[in-house]
Amino acid sequence: MRNQLKHFIHGEWVESTGSETYDVINPATEEVMGTISMGTKEDLDKAVAAAKQALPSFSQTSKQERVEMLERIAEEYEKRKDDIIETITDELGSPQKISEKVHYSMGYNHFSQAAESLKDFSFMEDRGGHTVVKETIGVSGLITPWNFPTNQTSTKIASAFAAGSPVILKPAEMTPFAAIILTEIFEAAGVPKGVFNLVNGSGEVIGNGISSHPDIDFVSFTGSGAVGKKIMENASETIKNFALELGGKSPLIVLEDADVEAAARAAVNHIATNTGQVCSAATRVLVPSKMKKSFEEAVLKVLPEFPVGDPREDNLIGPLISKKQWDTVQSYIEKGVDEGASLLTGGTGKPEGLEQGYYAKPTVFTDVQNNMVIAQEEIFGPVTTIITYDTLDEAINIANETIYGLAGYVIGNDPENLRKAATGIRAGRIKVNDTEADFSAPFGGYKQSGIGREWGDYGIEEYLETKTILGFPS
Ligand code: NDP
């Protein structure tokens with residue numbers, strides 16, 4: 001059992017002022033794996049006061065001091081590798097391999113990348129007649145979801161630290177323990193008092209409290225569009241700056257000359273990774289009409305490469321995060337069938353032999369029309385849709401017929417068609433074929449997928465204000 005009934009405020013673990021607690025459930029066993037305190041408005045006020053107190057000195061630290069601090073954090077993070085992997089496996093239900101290859105490594109990469117990006121970052125630019133200075137935005141409130149407990153926290157914290165902004169983090173109550181390890185890492189790395197504050201609690205109390213707090217200057221949020229809208233509303237009261245990383249319904253365009261089996265494997269991988277609980281997952285697979293049959297056969301062929309089951313064993317797909325998420329996924333699968341899409345594989349219910357745990361069947365719908373609910377709404381589970389097209393122009397139009405624009409993917413060989421698809425999709429991040437991840441590249445969405453960019457130097461920019469000085473003595 002992991003219990004942490006304290007919050008981390010002004011460099012110390014302190015008792016909560018409230019008595020309410022929350023039991024965290026391991027989604028693979030449906031058993032309680034630990035308990036946290038549900039913070040109160042008073043706890044949040046204390047954390048904000050601590051961050052505000054830390055602001056003048058932290059914002060004036062040199063670039064070199066902050067680079068060294070981020071490097072120390074990356075070193076301490078590496079030392080906690082086993083704990084991080086085990087914790088994420090337990091609280092999220094992520095298979096160990098994914099906890100290591102995806103979750104652990106993304107967190108590490110954000111801290112080390114922020115140090116690298118900061119080294120080259122210019123905070124002052126002489127532009128002839130005037131000077132532009134980039135200054136810390138102030139105190140930042142960070143609200144993160146459960147699906148990437150180290151990635152989304154680390155990218156926000158690393159960028160804020162690089163920019164000299166003290167933070168208050170409210171992680172999702174369903175996955176709080178990775179954030180507790182991060183807090184211990186910051187303690188070990190000597191992050192100054194008040195620069196990092198952790199208040200556990202609900203979105204209703206702490207999340208709302210952050211987005212409406214008069215002493216918080218900037219809010220960075222990742223999660224659902226519905227909460228994103230509330231954040232915008234609350235932030236408007238104090239004309240607070242904000243960045244939102246919301247949902248997606250990303251397209252994967254399979255070109256005519258693509259290797260059909262590799263494309264099918266990529267499509268399945270999108271709904272296997274993190275059990276499809278990924279904002280940037282491709283969940284609309286656009287396949288040339290003449291390739292439909294061979295693509296469907298290839299999907300069925302590669303599916304056994306992604307075994308579903310106990311995340312502590314050698315599986316690649318774990319359970320969904322909660323009973324609520326499982327119910328949501330089931331209702332979307334029912335909706336798809338009702339709408340007239342054909343089930344190529346999967347369907348409602350639990351996979352055979354996996355009665356305990358929130359496991360869902362990897363589900364692939366074919367004969368899908370892009371205007372169906374299953375092709376328009378974010379399902380956040382191991383469910384994908386195959387939609388056919390006849391020309392690349394048609395594929396690009398289908399790809400763009402969505403309220404979202406977080407990511408897009410294209411697989412094929414012809415360079416001209418790859419370029420045409422990559423530039424034609426209106427989304428914040430396009431991946432061509434099996435290109436490696438790049439943590440210095442900006443991440444964020446068009447349209448209802450969000451506002452702002454994270455990662456690397458673009459991420460640091462979010463935590464900065466721009467000041468113009470005219471007549472600055474040189
Ligand atoms: P939410 O958007 O509700 O939760 C994300 C974070 O926001 C959590 O820390 C949550 O706190 C917090 N929060 C909740 N209400 C408020 C509020 N009023 N003000 C400020 N913060 C708040 O996502 P869900 O967990 O409910 O997931 C629902 C759906 O959202 C998913 O099915 C998926 O479609 C989408 N989603 C998208 C994500 C993405 O990466 N873009 C990530 C997660 C979900 P707490 O949960 O502790 O109460």
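Atoms within each ligand, like the ligands themselves, are counted from 1 in listed order. Computed from a prediction, not measured in an experiment: that's the story for all the values here.
- Distance check on atom 4 (O) of ligand 1: every protein heavy atom falls at or beyond the 4.0 Å cut-off.
- Taking any N or O of Leu246, backbone or side chain, at least one lies under 3.5 Å from an N or O belonging to ligand 1.
- The distance between the ring centers of Trp326 and Tyr332 does not fall below 6.0 angstrom.
- Of the inter-residue distances, the one linking Gln277 atom CD with Ser322 atom OG reads 8.0 Å to the nearest 0.5 angstrom.
- Residues Arg2 and Thr87 form a side-chain contact, since some pair of their non-hydrogen atoms from C-beta on lies under 4.5 Å apart.
- In terms of protein heavy-atom proximity, atom 7 (O) of ligand 1 is closest to Phe221 CE1, 3.2 Å.
- Under 4.0 angstrom from ligand 1, there are no non-hydrogen atoms of Val278.
- Both the backbone and the side chain of Asn208 come within 4.0 Å of ligand 1, counting heavy atoms alone.
- Closest protein heavy atom to atom 39 (C) of ligand 1: Cys279 CB, 3.5 Å.
- The protein heavy atom nearest to atom 46 (O) of ligand 1 is Glu173 OE2, 3.7 Å.
- In terms of polar-atom proximity, defined here as any N/O pair under 3.5 Å, Lys324 makes no such contact with ligand 1.
- The option with the heavy atom closest to atom 12 (C) of ligand 1, from among Thr222, Ile143, Asn147, is Ile143.
- The residue from Leu244, Thr144, Leu406 that puts a heavy atom closest to atom 8 (C) of ligand 1 is Thr144.
- Here the rule is side chain to side chain donor-acceptor pair (under 3.5 Å) with His110, and of Asn151, Thr153, Thr150 only Asn151 fits it.
- Ligand 1 has no nitrogen or oxygen under 3.5 angstrom from a nitrogen or oxygen of Ser202.
- With hydrogens left out, the protein atom closest to atom 43 (C) of ligand 1 is Pro145 CB, 3.5 Å, a heavy atom.
- Residues that satisfy the side chain to side chain contact (heavy atoms under 4.5 Å, CB included) test with Lys81, not counting sequence neighbours, are Ile85, Glu100, Tyr104.
- Of the N or O atoms in Gly203, one or more lie within a sub-3.5 Å distance of an N or O in ligand 1.
- Ligand 1 places these atoms under 4.0 Å from at least one heavy atom of Ala172: 9 (O), 47 (O).
- Residue Gln152 approaches ligand 1 through these ligand atoms, each under 4.0 Å from one of its heavy atoms: 40 (O).
- Considering both main-chain and side-chain atoms, Glu378 comes within under 3.5 Å of ligand 1 through a nitrogen or oxygen pair.
- Every N/O-N/O distance between Ser211 and ligand 1 stays at or above 3.5 Å.
- In this structure, a donor-acceptor pair under 3.5 Å is absent between the side chains of Thr222 and Gln152.
- For Thr366 (side chain) and Ser342 (main-chain N/O), no donor-acceptor pair under 3.5 Å exists by modelled atom type.
- By the side chain to side chain contact (heavy atoms under 4.5 Å, CB included) test, Ala54 is found to be paired with Pro166, Val195, residues two or more places apart in sequence or in another chain being considered.
- Comparing Tyr404, Phe380, Tyr22 by heavy-atom distance to atom 33 (C) of ligand 1, the nearest is Phe380.
- The closest side-chain heavy-atom distance from Ile25 to Tyr358 is below 4.5 Å.
- Considering backbone and side-chain N/O of Gly223, one or more are found under 3.5 Å from N/O of ligand 1.
- Taking a cut-off of under 4.0 Å to the non-hydrogen atoms of Trp146, the atoms of ligand 1 that pass are 24 (P), 25 (O), 27 (O).
- Distances shorter than 4.0 angstrom do not occur between any heavy atom of Phe148 and any atom of ligand 1.
- Closest to atom 30 (O) of ligand 1 among all protein heavy atoms lies Ser224 CB, 3.1 Å.
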